Amino acid sequence: MSFRARHLLGIEHLAPDEIRTILDLADQYVDLNRRTVKRTDALAGMTQINMFFENSTRTQSSFELAGKRLGADVMNMTMAQSSVKKGETLIDTALTLNAMHPDLLVVRHGASGAVNLLASKVNCAVLNAGDGRHEHPTQALLDALTIRRAKGRIQRLTVAICGDIAHSRVARSNLILLGKMENRVRLIGPPTLMPAGVAEFGCEVYDDMAAGLKDADVVMMLRLQKERMDGGFIPSEREYFHRFGLDAEKLAHAKPDAIVMHPGPMNRGVEIDGTIADDINRSVIQEQVEMGVAVRMACMDLLARNLRAERGRAATGVMV
Amino acid sequence: MTIYLENARLIDPEAGTETLGNIILDAGLIAVVGALSAPKGARIIDCGGKCLAPGIVDIGVKVGEPGERHKESFRSAGLAAAAGGVTTMIVRPDTDPALDTPEMLEFVTRRAAGASPVRIRHMAALTKGRAGREMTEIGFLLDAGAVAFTDCDHVVTDTKVLSRALTYARSLGALVIGHPQDPGLSVGAAVTTGKFASLRGLPGVSPMAERMCLDRDLALVEMTGVRWHADQITCARSLPPLERAKANGLDVTAGVSIHHLTLNDLDVGDYRTFFKVKPPLRDEQDRLAVVEAVASGLIDIISSMHTPQDEESKRLPFEDAASGAVALQTLLPAAMRLYHAGHIGLPQLFRAMALNPAKRLGLPQGRLAEGAPADLVLFDPDAPFVLDRFTLMSKSKNTPFDGQRMEGRVLATFVGGQQVFGPDQGEAA
């Protein structure tokens, strides 16, 4: 098995081989999740704490379900309304939780790098469930699994990522993953929502949907945050939809069998037309949600194996 | 007491020379340069061929008095300065509350007196509360001993207010120090925009924010004729306007922090908050351009921009962490990196660290000449060490050089003819 990581903080530190290992194992969990009895004991006896400093329903429930199906004891902590309000620092919160001996810590935080900081202070495995505009590794992995299952491969594809790239951790993780797996990545969006220096990552940057979507195999739409719609970054919602919203006309520039993805939750009529989102021949948005649980199971399983091995070595005093 | 320093490599920033020789300190002054023998009764120090240079005059040191004495006091800053070869600290007014009245200036002057082994001079705020609305009592503050006026990193956004303050300062011959960073573009920025900022998902500011504000400030300097200094010029784009302003005869100088000369944006690495400074570290091209500008003399002054921060304000996610780094004690060894890399010679370095800042502030320090104050630093430019931040004398230990290999060790520091750092007897080397 070629997965050596202690934590899953980002795609940046994963080798292509490790990504493949996760996806292969996730494929098995997809099968398991489709059965009536969806339970293994991979994490039996282990404690998983979900710490969400930013509100999330989808990601948190996906992680919760993944942990429960693996047999872990799962605890959800909604940090937005807890000790943080009382002025406790992130590190103190981490140390407090660490003292309860969790085995897996799933963390989402609004500041880039916050999960890295936390991981440096605890003894358990940490999974990044999204930090600021930095990374959201499990999202990129579930997108990769969705693509691999739809297209039969995750190499030599042309993938267009469209919308608010600048504020998106999903875009960053996907960009890095798809690059590592040798795909051609295009970024499409208004220049106000494009991060500086992004062309140096080895992707192509477009501000025109027709040109950017030409012959794409995969079209990934990103969510546009409500607070960014009016005047600040773009003139208005309707102008954005007109120029960058995915509708049948724009999608026609992509390959005829191109798939459409969205990390959710969608703003129908802002970044994506409702009929495209519901088109079962093109849209794989529901599959993404399904793959999400399987990928998170695979990640936690692999991290737990490494954690057990590490603790075993420590207990027997084997030098590594 | 008379001190005879023999066998020293004398770094003369004025003449631009390095010569082996002896020097006599007497009555707080440099009495003889190039002496042939020790005067009777003098304490003799064999410098062992190590470098003797004018002590560093550091414009822009933050001391936490008043308001943040737990981060740095005059005493702790003074000890750090002595250990770092800084013989005059020019202290910033960005205290809490801001140093903006003559009464407060008298108060901190009293607090500083006797607390520090090195000289301390104070700067005052340009506007009340550094709020950018009303100018301070520039005349009274000058009388009370303020050497320059600055709102530090609070940029005065109202150009009407700024132009009046500059006009008024000009009538008194006061030096005003600006911080050229456009406040609008800089809002919320933690790093410089670019590939690295995008990869780390950190909010960035374009280096253009510096040039924009520099252009604005230079236009106001041209309009008012004030004596003006830019605290930190950190990117290539700012150099042509600076060069033009100087060529046009404006009374303008520029500085840069040692961190912008020796580190770049990639050093932030995995969200290391000790590398979060203001303005943020720039890319390698900018760093090299600025080093070149110091070597050519376009940028006049190197300073530490010493900004003590306690552990709590740095042990946070990068965006939330406080800006600033301590540097009084690492300024000289870090500057030696520029010397060892072949960018800048020692006389030139001490021109930027001692002679130019003293001249700009109208102080007699910074020279290795007979009759100049006996403020000197004896150092070994080649002595290697690995920096352990907990050995620093500052109360705050937020240095980006922690754990790094450095070359250049201060052996002894003299202020007004008195040794304030280094071994007491005999050979200092």
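Proteins come first, then strands; the chains are lettered A, B, ... in the order of their sequence lines, and each starts at number 1. Scope of the values below: all heavy atoms of this structure, side chains included, with no hydrogens, waters or symmetry mates. Because the structure is a prediction, the values reported are computed rather than measured.
Here the closest non-hydrogen pair linking A:Ala144 and A:Leu177 is CB-CD2, 3.7 Å. Residues A:Cys299 and A:Leu127 share a closest heavy-atom pair of CB-CD2, 4.1 Å.
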Show your working on side chain to side chain contact (heavy atoms under 4.5 Å, CB included) between A:Leu104 and A:Cys124 and close with a plain yes or no.
CA-CA 6 Å; A:Leu104 290 157; A:Cys124 59; over 6 Å; no

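Distance alone, capped at 3.5 Å, is enough to place a donor-acceptor pair between the B:Ser396 side chain and the B:Lys71 backbone. Panel note: side chain B:Lys395, backbone B:Arg69; a donor-acceptor pair is recorded below 3.5 Å.
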Output all donor-acceptor pairs under 3.5 Å across chain B and chain A; consider backbone as well as side chains.
residue	atom	partner	partner atom	Å
B:Ser198	O	A:Arg172	NE	2.3
B:Ser198	O	A:Arg172	NH2	3.4
B:Ser198	OG	A:Ala196	O	2.6
B:Arg200	NH1	A:Glu12	OE1	2.9
B:Gly201	O	A:Ser112	OG	2.5
B:Asp270	OD1	A:Asn116	ND2	2.9
B:Tyr271	OH	A:His134	ND1	3.0
B:Tyr271	OH	A:His134	NE2	3.2
B:Glu319	OE2	A:Ser112	N	3.3

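Of the listed residues (A:Gly10, A:Pro195, A:Ala199), the greatest number of heavy-atom pairs within a distance under 4.5 Å of chain B belongs to A:Pro195.
Ionic pairing of B:Asp151 and B:Arg130 is not present here: no N-O contact between side-chain nitrogen and carboxylate oxygen is shorter than 4.0 angstrom. For the pair B:Asp94 and B:Arg92, the salt-bridge criterion is met [side-chain N within less than 4.0 Å of a carboxylate O].
Heavy atoms closer than 4.5 Å to chain B are found nowhere in A:Leu9, neither backbone nor side chain.
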